[in-house]
*Asks:* 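Following this message is one structure expressed as structure tokens.
None of these values were measured; they are calculated from a predicted model.
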Amino acid sequence: MTKEENERRLAHLKGIVSSLPEKPGSYQYYDADGTIIYVGKAKNLKSRVSSYFHAEVDRFKTKVLVSKIHNITYTVVNTEEDALLLENSLIKKYNPRYNVLLKDGKTYPSICITNELYPRIFKTRTINKKWGTYYGPYSHISSMYAVLDLIKKLYHPRTCRFPITEEGIRKKKYSVCLEYHIKNCGAPCVAKQTYDDYQRNIAQAREILKGNTREILRSLHEEMGWLAEELRFEEAEEVKRKYLLIDSFVTKSEVVSHTINNVDVFSITNDDKTAFINYIHVSNGSINQSFTFEYKKKLAETDEELLALGIVEMRGRFKSRAREIILPKEIDLAMDGVTITVPQRGDKKTLLDLSVMNGKQYKFDRLKQAEKLNPEQKAVRLMKEIQDYLHLPEMPYQIECFDNSNISGTDAVAACVVFKRLKPSKKDYRKYNIKTIEGPDDYASMKEVVRRRYMRLVEEQQPLPDLIIADGGKGQMEVIREVVQDELNLDIPIAGLAKDSRHRTNELLYGFPPRVIGMKTDSELFRLLTQIQDEVHRFAVTFHRDKRSKHQLHSELDEIKGIGIKTRETLLSKLKSVKRIKEAEAAELEEIIGRAKGKLVYTHFHPPGDTAAQ
């Protein structure tokens with residue numbers, strides 16, 4: 001598109017904007033092909049649409065959207081709620097490219113009560129309102145089966161698919177089946193259970209599916225009382241059985257407060273690209289619906305915009321008529337006859353916290369599923385977490401960690417391990433013998449090793465790490481900083497892992513002066529950092545152990561100048577021990593390893609003037 005064509009396009013759009021009404025409504029943006037690419041809603045159409053064309057718009061994605069717009073249409077409605085409903089309807093219909101995308105591929109099952117003479121109750125994923133009344137859908141299959149099992153135990157609804165009619169019952173077309181004999185059905189098909197009794201059971205089952213268990217319990221308690229007064233104890237015992245079953249079911253469900261009835265709860269958990277909106281419906285203090293939906297962001301939508309979309313979508317989908325909505329924050333949404341509450345404490349705050357927990361758990365589960373399919377995604381996420389916690393300029397692709405190892409200053413060594421993309425890069429591991437320090441001085445040893453490590457990397461023009469981790473507290477961090485920053489003038493972030501009195505790593509330190517970074521010790525990221533710490537400790541201790549073992553295996557043969565490894569091995573293979581080599585005659589030694597070397601060995605053990613040798 002040429003500059004002149006773009007100017008004509010913008011002039012055309014601004015002409016449309018200037019004539020927009022200052023009323024609630026929905027607006028639609030079209031591309032050059034006449035395809036709807038964005039649908040929005042507004043309390044004031046003119047004000048909202050004109051904001052897209054202000055010169056100070058700084059959102060990159062919004063600028064991209066505006067560059068694609070070639071035409072604008074709108075629909076005026078009476079209220080903001082109507083505008084939101086219309087926006088939601090158009091998004092579903094046209095699925096515009098730049099609108100938030102609802103990712104919901106699941107078909108959750110529902111419970112159906114059929115419209116038959118003697119209704120059946122069963123689960124289904126197919127919704128056809130001609131067949132009966134539907135309750136749900138249920139995202140937790142176990143909860144649905146628990147309700148079905150309760151209804152089966154209480155009311156024994158029929159499970160056969162015969163089209164039972166009154167005429168068929170009169171003419172005795174049907175016969176009892178196994179379900180009747182095992183007491184799972186009252187056999188209304190042969191009039192062993194009356195129509196009124198069956199319908200009364202179905203009515204109570206409907207109340208359970210609606211969540212009105214308290215009303216049923218109260219009714220059953222009253223019925224139990226007057227049956228006992230009339231000395232109808234067997235019937236009273238049957239009612240008591242039903243009462244106890246329902247009461248047991250209620251105590252297992254999530255109950256907050258019996259005063260909270262017919263309330264919707266919404267919360268949002270999100271990141272840069274995705275939002276997770278959790279919806280909970282509460283009836284008579286019990287949670288009878290809980291769902292989390294995933295929304296794919298397109299234009300950096302705000303929490304308020306996404307919550308408004310989620311409220312319309314979920315209330316419409318689940319046919320909610322709740323007159324109160326509990327939210328984590330105030331949003332600019334007016335709904336006729338509906339009160340929006342932002343609780344700070346009490347039972348409603350408990351419900352909101354539960355919704356937030358469900359949303360976070362759903363996000364965590366989705367993240368785990370994605371990371372199983374793409375392990376690199378996990379590494380990137382954790383590197384981003386480290387960057388965010390420590391406010392690093394870039395993600396720490398390469399992390400290095402140091403540790404010392406010695407026993408009272410003897411055989412002092414150090415080690416450096418390298419992690420790339422949070423995985424050990426063993427080819428880059430390095431071992432160091434401490435050369436300039438005498439005695440057990442960990443700080444001086446650390447300085448020597450860090451200096452040797454980074455001077456060499458600089459000289460060889462090798463990549464420097466994005467983060468150094470000290471296996472120790474503030475002291476180790478400071479000596480590393482003195483070398484890296486003060487001596488070598490390198491700008492490498494330095495963190496430290498500090499231990500408590502029981503020698504357990506419990507703090508991540510960063511900055512100068514070092515400060516504790518608020519990170520839970522049982523978090524995935526903290527466990528990863530301690531794994532790096534454990535790895536450098538393992539590597540250093542293994543090196544120190546190997547060096548100490550070699551030192552302990554050092555023999556007197558190693559002191560003989562001119563005698564190499566092969567000669568020593570030849571002597572030991574023939575004479576089996578240093579003691580026998582000492583006792584051997586010169587001729588025997590010369591026969592094994594030659595005249596010159598044999599003389600060297602014999603002279604070493606029998607120097608001239610040694611009276612013991614004579």
Side-chain angles (χ1 to χ4, degrees), residues 106-213 215-217 219-220 223-224 227 232 234-250 252-253 288-289 318-319:
K106 295 181 180 178
T107 303
Y108 296 109
S110 297
I111 294 177
C112 175
I113 298 183
T114 62
N115 291 331
E116 298 168 282
L117 179 67
Y118 291 95
R120 293 176 295 128
I121 303 177
F122 56 89
K123 79 173 182 73
T124 180
R125 294 179 187 269
T126 304
I127 306 298
N128 187 337
K129 294 183 179 179
K130 293 180 180 179
W131 295 352
T133 306
Y134 294 85
Y135 299 88
Y138 291 86
S139 61
H140 298 92
I141 307 301
S142 58
S143 300
M144 180 195 67
Y145 280 121
V147 174
L148 283 173
D149 188 53
L150 174 68
I151 291 172
K152 182 179 180 180
K153 289 179 179 177
L154 285 171
Y155 306 119
H156 308 303
R158 72 185 183 96
T159 57
C160 62
R161 297 188 178 185
F162 293 120
I164 299 175
T165 63
E166 291 180 352
E167 183 181 358
I169 295 173
R170 281 198 309 271
K171 293 182 177 180
K172 299 183 179 180
K173 287 184 176 181
Y174 317 109
S175 59
V176 296
C177 62
L178 179 62
E179 290 294 299
Y180 169 75
H181 292 296
I182 62 176
K183 301 187 183 304
N184 281 342
C185 179
C189 57
V190 294
K192 288 187 177 292
Q193 182 180 17
T194 66
Y195 174 80
D196 291 340
D197 183 49
Y198 193 93
Q199 291 297 334
R200 185 164 55 251
N201 286 348
I202 293 298
Q204 290 188 4
R206 290 181 191 275
E207 293 303 308
I208 289 176
L209 292 172
K210 291 177 183 177
N212 297 332
T213 50
E215 289 296 317
I216 299 176
L217 286 173
S219 175
L220 289 175
E223 185 180 359
M224 208 169 17
L227 284 172
R232 295 160 62 181
E234 289 186 4
E235 295 176 62
E237 184 63 28
E238 177 60 21
V239 174
K240 180 183 177 182
R241 182 187 69 84
K242 293 181 179 180
Y243 180 92
L244 292 176
L245 278 171
I246 296 175
D247 188 56
S248 175
F249 174 77
V250 170
K252 290 178 183 177
S253 64
N288 56 17
Q289 285 176 329
F318 303 123
K319 308 295 187 293

*Asks:* Return the OG1 to CG distance between Thr133 and Leu209, rounded to the nearest 0.5 Å.
*Replies:* 10.0 Å

*Asks:* Atom CD in Gln193, atom OH in Tyr118: separation rounded to 0.5 Å?
*Replies:* 8.0 Å

*Asks:* Run Asn128 and Tyr134 through side chain to side chain contact (heavy atoms under 4.5 Å, CB included) and show every step you take.
*Replies:* CA-CA 9 Å; Asn128 187 337; Tyr134 294 85; 4.1 Å; yes

*Asks:* How about Lys152 and Leu148: do any of their side-chain heavy atoms sit closer than 4.5 Å?
*Replies:* no

*Asks:* If every non-hydrogen atom of Thr165 is compared with every non-hydrogen atom of Gly168, which pair is closest and at what distance?
*Replies:* OG1-N, 3.0 Å

*Asks:* Has Tyr180 got more than 12 heavy atoms of other residues, nucleotides or ligands less than 6.0 Å from its OH?
*Replies:*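 Atom OH in Tyr180 is not packed in, count stays at 12 or less.
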
*Asks:* Taking the side chain from Tyr198 and the backbone from Arg158, do they hold a donor-acceptor pair closer than 3.5 Å?
*Replies:* yes

*Asks:* If we only count heavy atoms from C-beta on, is the Met224 to Leu227 side-chain gap below 4.5 Å?
*Replies:* no

*Asks:* Do Leu154 and Asn201 come within less than 4.5 Å of each other through their side chains, counting heavy atoms only?
*Replies:*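 Not in contact.
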
*Asks:* Can you measure from OH (Tyr145) to CG (Leu150) and round to the nearest 0.5 angstrom?
*Replies:*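 The distance works out to 16.0 Å.
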
*Asks:* Before you tell me yes or no, could you show the steps for Ile202 and Ile121 under side chain to side chain contact (heavy atoms under 4.5 Å, CB included), namely the whole-Å CA-CA distance, both residues' side-chain angles and the distance that decides it to 0.1 Å?
*Replies:* CA-CA 9 Å; Ile202 293 298; Ile121 303 177; 3.9 Å; yes

*Asks:* For Gln199 and Thr194, indicate whether the former's side chain and the latter's backbone hold a donor-acceptor pair under 3.5 Å.
*Replies:*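 It does not hold such a pair.
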
*Asks:* Ignoring hydrogens, what is the shortest heavy-atom contact between Tyr135 and Ile113? Give both atom names and the distance.
*Replies:*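 Between these two residues, the closest heavy atoms are CE1-CD1, 3.8 Å.
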
*Asks:* Got a sec, which pairs hit salt bridge (Lys or Arg N to Asp or Glu O under 4.0 Å) with one end in residues 186-197, sequence neighbours left out?
*Replies:* Asp197-Arg200

*Asks:* List the atom of Ser175, the atom of Cys189, and the distance in Å for their closest heavy-atom pair.
*Replies:*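 Ser175 and Cys189 have their closest heavy atoms at O-SG, 4.3 Å.
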
*Asks:* Enter the distance from Trp131:CH2 to Phe122:CZ here, rounded to the nearest 0.5 Å.
*Replies:*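 Interatomic distance, Trp131 CH2 to Phe122 CZ, rounded to 0.5 Å: 7.0 Å.
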
*Asks:* Let me confirm one number: the CZ-CD distance from Arg161 to Glu116, rounded to the nearest 0.5 Å.
*Replies:* 10.0 Å

*Asks:* If you round to the nearest 0.5 Å, how far is NZ of Lys173 from CD of Glu167?
*Replies:*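 Going from CD on Glu167 over to NZ on Lys173, the span is 5.5 Å.
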
*Asks:* Can Thr159 and Asn184 be said to form a side chain to side chain contact (heavy atoms under 4.5 Å, CB included), step by step?
*Replies:* CA-CA 9 Å; Thr159 57; Asn184 281 342; over 6 Å; no

*Asks:* Looking only at non-hydrogen atoms, find the nearest pair between Gly132 and Cys112 and report the distance.
*Replies:*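 Smallest interatomic distance, heavy atoms only, reads CA-SG, 4.4 Å.
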
*Asks:* Can Arg241 and Glu238 be said to form a salt bridge (charged side-chain N to carboxylate O under 4.0 Å, His left out), step by step?
*Replies:* CA-CA 5 Å; Arg241 182 187 69 84; Glu238 177 60 21; 2.6 Å; yes

